[in-house]
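Let me begin by presenting the structure, written as structure tokens, before commenting on it.
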Number of protein chains: 2
Amino acid sequence: MNVNTKSLMIDTATILFQQKGYKSVGLSEILRACNVTKGALYHHFPNGKEELLIACLQALNEEIMTDIEGIFRAHALSKEAIQAIIEKLIHNLETDGTITGYTFSSIVSEMATVSEPVRHACSALYENIQHIYCEKLVTEGFSNESASDIAWLMTASIEGAMMLCLTQKSTDPLKMIARRLPLLLRA
Amino acid sequence: MNVNTKSLMIDTATILFQQKGYKSVGLSEILRACNVTKGALYHHFPNGKEELLIACLQALNEEIMTDIEGIFRAHALSKEAIQAIIEKLIHNLETDGTITGYTFSSIVSEMATVSEPVRHACSALYENIQHIYCEKLVTEGFSNESASDIAWLMTASIEGAMMLCLTQKSTDPLKMIARRLPLLLRA
DNA sequence: ACTAACAAACAGACCGGTTGGTATGTTGGG
DNA sequence: CCCAACATACCAACCGGTCTGTTTGTTAGT
């Protein structure tokens, strides 16, 4: 049996979408990459490419959540946790050379104004990430309001730094973020 | 005479590229939007779509630079200037509903790993923006190193906040950035 | 002053390739 | 026997790009 085929397509497409964006990746490219035919794709995703994208975003959501939650469980202070997260991003970027993990700006910027379902999926993802940061900050004594602000600022700056790393072909922007963000963590 | 045709194409394409990304925008769409034919496009840009994109990025570069420089000239403190910049972005977002101005993540994430010339153009743009922030911060007494870091953090967080605004269909992320970034501006 | 020559600035038909999507098989386990 | 799980042939639409006109303003020769 192949319950695997569906998740194989999702895994493969997720990587491609993150790296190249939505429109840039053709169905044939995805299919070729995971050795699956069109019939299988439209069997599991009757609404085609966009349904596959949303499935990717949902899978990415779960993956990111468990990942970040694990890091936060391993580090007592949010200052340390956020640094560990950024270091992981840097590591990924250095080994793979492209975006992997928590960033999906490519999809956001292309699709947010075009497809509402996709926008919602992206929105949920960002909100989840921010929520984890925020919760941790509150337990460390920050007020609800400032915790929320700081958590959003973290989410935003990591996402932006990712873009800068791509253009600079360097991990320096992320390293700078890692250096400066902790300064925000004082009431 | 039509020296205008060329810049008309650049202006039109810039908006479309910023809003939808590179691959999502077809030549025919650009041509239709500014009522120009294919012959004219390939007359002014013999290397086609990508050459047009690079011309757009260069034009955007100049526009952004004069714009930001103007704002920095109008505001004594960089704290005020950065706030004015963000407010302008918020205003644009509220009136146009889509990305305008300083953000071009869509192009970065799609093209940075694919086309070196495009990556260079994007890189130059970010570096120019960061440079202005950085210079101003140095005149206010920051050390070269911390000024550079803070300037990069600003650039990144504004870019990231733009992404968040798009997904949330709200200007709140930018407003939060505007509230929290000034806290970084203390030696 | 008239015109031939030329090139810049388009216009529009045309092209091969690719796109997402569909319709019709085929196959294998329950 | 049947249906989920594919495979494959096929399709119109569109893609970026090229090609060959056509118009128009400028220049050069007589």
Side-chain angles (χ1 to χ4, degrees), chain A residues 1-57 59 106-107 110-111 113-119 121, chain B residues 1-57 59 106-107 110-111 113-119 121:
Chain A
M1 121 175 123
N2 268 349
V3 165
N4 308 17
T5 304
K6 188 169 183 177
S7 55
L8 173 64
M9 284 191 291
I10 291 177
D11 291 346
T12 311
T14 301
I15 295 173
L16 289 172
F17 284 149
Q18 275 186 293
Q19 286 177 352
K20 302 193 191 179
Y22 179 69
K23 296 265 183 174
S24 303
V25 180
L27 284 185
S28 53
E29 185 179 354
I30 299 170
L31 268 11
R32 211 182 312 123
C34 55
N35 215 34
V36 163
T37 60
K38 226 164 226 188
L41 199 161
Y42 278 88
H43 172 73
H44 292 289
F45 306 98
N47 293 334
K49 198 184 179 187
E50 188 167 319
E51 190 181 345
L52 173 61
L53 171 63
I54 292 173
C56 288
L57 288 171
S106 40
I107 296 151
E110 268 184 279
M111 299 293 289
T113 56
V114 177
S115 163
E116 273 293 296
V118 173
R119 211 207 81 226
Chain B
M1 124 177 119
N2 269 351
V3 166
N4 309 16
T5 304
K6 188 169 182 176
S7 54
L8 172 65
M9 285 190 291
I10 291 177
D11 292 345
T12 311
T14 301
I15 295 172
L16 289 171
F17 284 149
Q18 275 186 294
Q19 288 178 351
K20 303 192 189 180
Y22 179 69
K23 297 265 183 175
S24 305
V25 181
L27 283 185
S28 53
E29 185 179 353
I30 299 170
L31 268 10
R32 212 182 313 125
C34 56
N35 216 32
V36 164
T37 61
K38 230 163 220 186
L41 199 161
Y42 279 87
H43 171 74
H44 292 289
F45 306 99
N47 293 333
K49 199 184 178 187
E50 187 167 322
E51 191 182 346
L52 174 61
L53 171 63
I54 292 173
C56 288
L57 288 172
S106 41
I107 297 151
E110 269 185 279
M111 299 292 290
T113 55
V114 177
S115 163
E116 273 293 297
V118 173
R119 209 206 83 226

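Letters A, B, ... mirror the listed sequences (proteins, then strands); counts begin at 1. Scope of the values below: all heavy atoms of this structure, side chains included, with no hydrogens, waters or symmetry mates. Just so it is clear, the structure is predicted and the values come from calculations on it, not from any experiment.
Remark: of the listed residues B:V36, B:V25, B:T14, B:I15, B:V25 is the sole one forming a side chain to side chain contact (heavy atoms under 4.5 Å, CB included) with B:I30.
Of the candidate nucleotides C:dC10, D:dG16, C:dG20, C:dG20 has the atom nearest to the side chain of A:K49.
Seen from the ring of B:F45, B:K6 counts as a face-on cation partner, given the 6.0 Å and 45° thresholds.
A donor-acceptor distance shorter than 3.5 angstrom exists from the side chain of A:E110 to the backbone of A:K23, with no hydrogens or angles considered.
At a cut-off of 3.5 angstrom, the base of D:dG17 holds at least one donor-acceptor pair with the side chain of B:K38.
Between the CD1 atom of B:I30 and the C1' atom of D:dC15 there is a distance of 12 Å, given to the nearest Å. In this structure, B:L31 atom CG and C:dA11 atom P are separated by 9 Å, rounded to whole Å. Distance, A:L41 CG to C:dA23 P: 16 Å, rounded to whole Å. If you measure from atom NZ of B:K23 to atom P of C:dT18, you get 12 Å, rounded to the nearest angstrom. In this structure, B:Y42 atom OH and D:dG21 atom P are separated by 20 Å, rounded to whole Å. The CG-P distance, from A:L27 to C:dG21, rounds to 6 Å in whole Å. For the pair B:E29 CD and C:dT19 P, the interatomic distance rounds to 19 Å; values are reported in whole Å. In this structure, B:H43 places its NE2 atom 15 Å from C1' of D:dG21, rounding to the nearest Å.
Neither OP1 nor OP2 of C:dA9 sits under 4.0 Å from any side-chain N or O of B:H44. A close approach under 4.0 Å does occur between a side-chain nitrogen or oxygen of B:S28 and OP1 or OP2 of D:dC15.
Base contact: B:G39 has a heavy atom under 4.0 Å from a base atom.
The two residues B:K49 and B:Y42 have their closest heavy-atom pair at N-OH, 4.4 Å.
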